[in-house]
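A short write-up of the structure that comes next.
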Amino acid sequence: MNTTDFPIENLPFGVFDADGEPHVCTAIEDNILDLHGWLPEPALNAFMASGDVVETKQRIRKLLDTNAELIPMRDATMLMPVRIGDYTDFYASIHHATRVGAKFRPDNPLLPNYKWIPIGYHGRASSIVVSGTPVKRPNGQTRDDANAPPTFGPSKRLDYELELGAFIGRGNALGTPIAANEALDHVFGFCLVNDWSARDIQAWEYQPLGPFLAKNFATSISPWIVTLDALEPYRVQSQREDPVLPHLADDVAFDITVEVWLRSAKMNEPVRLSRGNFRDMYWTVAQLVAHHTSNGCNLQPGDLLASGTISGPAKESAGCLLELSPIELPNGETRNFLEDGDEVILRAYCERDGLPRIGFGECRGVITPAL
Ligand code: MN
């Protein structure tokens, strides 16, 4: 079995810094192939809307058969691959929703709407950053003592959330919903998403309108978009058995292993904190798209729909510290939440005997001190 994330069967799309100019590119093993002149630039949006991914990949494979000039990936600086117009974050793992809900509402963890509508909120597109961008600890208002006024200062409960994001390819006109059984035709591909979350700010601000400043200070994404044709062999049937309204009927899940790694400032090598699988999500990607557009809301090429924290039934598969902590690191350090200097690394890949491994690369971010 291959060990690279980027065999010739994958060919994800990204954008790198070519001497100050954004160039569209693809990844092949440890290298990148400059696609400047092939596809519209400076971002992937126009290509994502056009839908000719399979034909483009055939042309790339032909070129790779000859004497294509490759650039070592370690020498390249990756840029934001897409101009993201709108960003929505969902809450599609019932395991995450139940465990987190129990922390905020011990007697009533799962709200009655959860099994009927995919819960989500509109996030902030302009603070989405590409992997490698440092993340400054946010200041915010928190209330630790219910009998005292709130205070303002650096978050003390900074967390990561392991998610996958679906990039919209072809959009829909305002007023024209996307049917669940056609929804994946509107998805260009997936990336890794770290929805950094300040839990203390979130706990004080979230009612009644949901997350706001606890989330919108930064969201990190991986630089590579893995397209749906590459994930085709890893489509599986969703395990969900509960009833669903007809306009949300869909059972297409994806068998994608997802991992969180952490490297503190005192550690040389990162350590794995958790491993889960995207197939354990309660809501499928097609259901998220169908629900989002069911009222006529329009999605546009380059919009990002993130899944919500990917947590499985086992605690070792929990995709955030709120569910995992307290944890002990191999060097004796302990963590309830992230400390300054901690680097969080998200990884995802599909692997099965007889099939090529298809990986997503990494989504990294280091926490820097609050101002
Ligand atoms: Mn989230």
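Numbering of ligands and ligand atoms starts at 1, following listing order. As the structure is a computational prediction, the values presented were derived from the model and not from experiment. Quick note: numbers below take in every heavy atom, side chains included, and nothing from hydrogens, waters or symmetry partners.
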When you compare the side chains of Trp196 and Glu161, does any donor N or O come within less than 3.5 Å of an acceptor on the partner?
no
Less than 3.5 Å apart, any donor N or O on the side chain of Glu333 or Ser264 sitting next to an acceptor on the other?
yes
Applying side chain to side chain donor-acceptor pair (under 3.5 Å), can you list everything that pairs with Asp5, at least two apart in sequence or on another chain?
Arg357
What is the number of protein N/O/S atoms located under 2.8 Å from the Mn ion (ligand 1)?
4
Residues in salt bridge (Lys or Arg N to Asp or Glu O under 4.0 Å) with Arg157, at least two apart?
none
Pairing residues for Asn277 by the side chain to side chain donor-acceptor pair (under 3.5 Å) criterion, not counting sequence neighbours
Asp255
If we count only N and O atoms by modelled type, under 3.5 Å, do the side chains of Arg240 and Ser238 hold a donor and an acceptor together?
no
